[in-house]
**Student:** 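A single structure is presented below for examination.
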2 protein chains.
Amino acid sequence: MNDSQTPSYRPLYQQIKEALLSRIVSGDWPPGTFIPSESALSQEYGVSVGTLRKALDDLASDHVVIRYQGKGTVVATHDNDRSLFQFFHLTRLDGTRSMPISRVLLRQSRPATVEEAETLELEVEAEVVHIRRVRELEGVPALLEELVVSAARFPALEKEPETLPNTLYQLYQQRFGQSVAKAEERLFAVAAGPPEQKQLGVALGSPLLEIRRVARNLQGEPLELRISRCETQHHCYFNEL
Amino acid sequence: MNDSQTPSYRPLYQQIKEALLSRIVSGDWPPGTFIPSESALSQEYGVSVGTLRKALDDLASDHVVIRYQGKGTVVATHDNDRSLFQFFHLTRLDGTRSMPISRVLLRQSRPATVEEAETLELEVEAEVVHIRRVRELEGVPALLEELVVSAARFPALEKEPETLPNTLYQLYQQRFGQSVAKAEERLFAVAAGPPEQKQLGVALGSPLLEIRRVARNLQGEPLELRISRCETQHHCYFNEL
DNA sequence: GAGTGGTCTAGACCACGTA
DNA sequence: ACGTGGTCTAGACCACTCG
């Protein structure tokens with residue numbers, strides 16, 4: 001994936017791609033705005049339309065921008081349907097999706113644990129915001145979620161309005177200028193403990209699906225560590241290969 | 001994904017892509033062979049190199065062919081490293097992969113259950129081959145796998161040499177001309193039963209990760225139903241979003 | 001050096017959305 | 001009617017592999 005070697009040759013379209021990406025990251029083109037047309041950009045950078053096009057196509061396949069024929073190219077947001085479902089793999093048994101409804105149980109600021117600091121690449125005991133919530137699918141509590149972000153990167157997140165939006169990533173993007181661009185998930189099977197017993201109404205020790213996700217921004221820096229525990233009687237984690 | 005609408009307009013490169021795909025499916029170009037060069041194919045089909053190139057790039061991103069600069073374009077096989085790992089998402093906790101070692105416990109031909117017939121799109125009680133095996137990771141039994149395929153599509157599979165290869169998909173491809181091109185996986189958390197207790201050495205009722213996979217060929221027809229139950233103390237299911 | 005895929009160009013036309 | 005992205009062309013040169 002990463003070339004630590006000096007590439008000794010770097011295609012023009014990749015340089016253009018980087019230039020465009022840096023303008024997006026810098027806030028020059030905020031999420032949701034239309035960027036200049038292909039021909040305008042190709043003139044600005046002094047390259048052919050085809051080369052600029054390849055750069056934009058690359059960004060589109062990375063979900064950084066979305067192209068609409070006849071309209072233009074827009075910087076991706078987290079309220080686009082496609083973007084919403086990029087990070088939510090829990091579906092009904094037949095593969096259809098449904099929107100979860102969230103209820104926040106805990107919101108606090110505290111020092112990071114060693115594991116959290118390491119994962120989020122923070123100083124030891126740096127301040128983090130910790131949120132715990134239950135998410136319902138089809139009206140049934142299905143998920144117990146713990147999530148942790150850097151308090152420095154998301155200042156006063158714990159003081160946000162009582163009703164956090166369902167899609168936290170939208171909040172990260174709009175309030176803090178941090179777009180979740182990619183994530184890694186590790187899945188485990190674990191036994192339900194007292195918290196899950198209480199919140200999800202499952203038996204102590206019954207099997208749950210644990211999803212540990214590290215969400216990253218456009219530059220690849222870790223933004224959020226999220227641990228979800230999910231009951232899989234009515235839903236499952238769906239993945240296409 | 002699917003256009004059930006009459007498209008009323010179909011880009012040339014998509015038609016070319018289909019034509020190339022049909023030649024691969026038909027066995028005209030078997031897996032592992034190099035197909036003609038871009039310029040040769042563009043002449044044959046009477047289109048520009050750019051158009052033919054776009055068709056090939058599409059097939060490459062579908063993992064149907066693999067392109068090597070300076071060498072040529074080869075029909076994908078299941079012994080390429082990349083193809084091997086497309087369907088195997090179990091990794092060590094740090095995300096690194098290791099090759100599993102398989103031991104077959106059972107191999108029999110029998111009528112399909114209702115669920116199997118439905119999933120594999122077979123007549124009720126059509127004959128299927130059923131294989132059960134244990135797979136070891138790092139020398140520790142980690143997976144108990146049940147898999148079922150159509151006996152008509154894989155004739156005499158149950159009489160294959162005693163030592164089935166580790167990568168069954170390679171066997172499907174080489175012996176039966178069936179390439180697994182894509183798959184859907186559904187993940188659940190389940191409690192270990194007596195078989196898992198015996199084969200994996202885990203406690204009765206301990207949580208296991210269940211992976212239900214339907215593997216499909218290039219045409220999208222279901223080839224194999226596979227149910228794996230996995231212990232997640234030393235390994236996990238890894239997914240990048 | 002010959003052949004392959006990868007990049008880059010310049011320009012034409014098409015399909016789509018909006019006004 | 002106009003501007004956008006999508007397709008298609010023809011040709012040049014570059015980087016890589018191999019004999």
Side-chain angles (χ1 to χ4, degrees), chain A residues 1 3 5-20 23-24 29 32-77 80-82, chain B residues 1 3 5-20 23-24 29 32-77 80-82:
Chain A
M1 283 288 161
D3 305 356
Q5 321 271 17
T6 2
S8 81
Y9 167 69
R10 179 176 262 310
L12 229 194
Y13 75 90
Q14 283 185 21
Q15 303 176 38
I16 301 292
K17 180 182 172 184
E18 269 181 29
L20 296 173
R23 288 178 73 170
I24 291 173
W29 297 320
T33 61
F34 280 83
I35 70 178
S37 71
E38 295 181 344
S39 59
L41 286 171
S42 67
Q43 278 196 294
E44 178 181 340
Y45 285 101
V47 300
S48 78
V49 193
T51 299
L52 193 121
R53 180 177 187 73
K54 176 133 184 164
L56 278 180
D57 282 345
D58 256 36
L59 289 174
S61 75
D62 290 345
H63 305 111
V64 174
V65 300
I66 304 175
R67 317 262 258 140
Y68 296 103
Q69 181 175 171
K71 293 184 64 177
T73 301
V74 65
V75 180
T77 66
N80 298 108
D81 282 342
R82 53 186 80 183
Chain B
M1 282 290 163
D3 306 356
Q5 321 269 19
T6 5
S8 81
Y9 167 69
R10 182 181 252 329
L12 230 193
Y13 75 90
Q14 283 186 21
Q15 303 175 37
I16 301 292
K17 181 183 173 183
E18 271 182 26
L20 296 173
R23 289 179 74 170
I24 291 172
W29 297 321
T33 61
F34 279 85
I35 71 179
S37 71
E38 294 181 344
S39 58
L41 286 171
S42 67
Q43 277 196 294
E44 179 182 340
Y45 285 100
V47 299
S48 77
V49 193
T51 299
L52 194 122
R53 181 179 186 72
K54 176 134 182 163
L56 278 179
D57 282 345
D58 256 35
L59 289 175
S61 75
D62 290 345
H63 304 110
V64 174
V65 301
I66 304 175
R67 318 260 258 141
Y68 295 102
Q69 181 175 173
K71 293 182 66 176
T73 302
V74 65
V75 180
T77 67
N80 299 108
D81 283 341
R82 54 185 80 180

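Residue numbers start from 1 in every chain, and the chains themselves are labelled A, B, ... in the order their sequence lines are given, proteins ahead of strands.
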**Student:** I'd like to compare against my own output: the B/S/- annotation of nucleotides 3-10 of chain C with a strict under-4.0 Å heavy-atom distance to protein.
**Tutor:** BBBBBSB-

**Student:** Who are the salt bridge (charged side-chain N to carboxylate O under 4.0 Å, His left out) partners of B:K17, not counting sequence neighbours?
**Tutor:**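 By the salt bridge (charged side-chain N to carboxylate O under 4.0 Å, His left out) rule, B:K17 matches B:D58, B:D62.
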
**Student:** Under the side-chain hydrogen bond (donor to acceptor under 3.5 Å, both in side chains) test, which residues partner A:S39, sequence neighbours left out?
**Tutor:**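 Once residues adjacent in sequence are excluded, the partners of A:S39 under the side-chain hydrogen bond (donor to acceptor under 3.5 Å, both in side chains) criterion are A:S37.
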
**Student:** Got a sec, which residues hit side-chain hydrogen bond (donor to acceptor under 3.5 Å, both in side chains) with A:Q15, two or more places apart in sequence or on another chain?
**Tutor:**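 Here no residue qualifies.
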
**Student:** With a cut-off of 3.5 Å and sequence neighbours excluded, list every side-chain donor-acceptor pair involving residues 65-74 of chain A.
**Tutor:**
residue, atom, partner, partner atom, Å
A:R67, NE, A:D57, OD1, 3.3
A:R67, NH1, A:E38, OE2, 3.0
A:R67, NH1, A:T73, OG1, 3.2
A:R67, NH2, A:E38, OE2, 2.9
A:R67, NH2, A:D57, OD1, 3.0

**Student:** For A:S42, check side-chain hydrogen bond (donor to acceptor under 3.5 Å, both in side chains) against everything at least two apart and list the hits.
**Tutor:** none

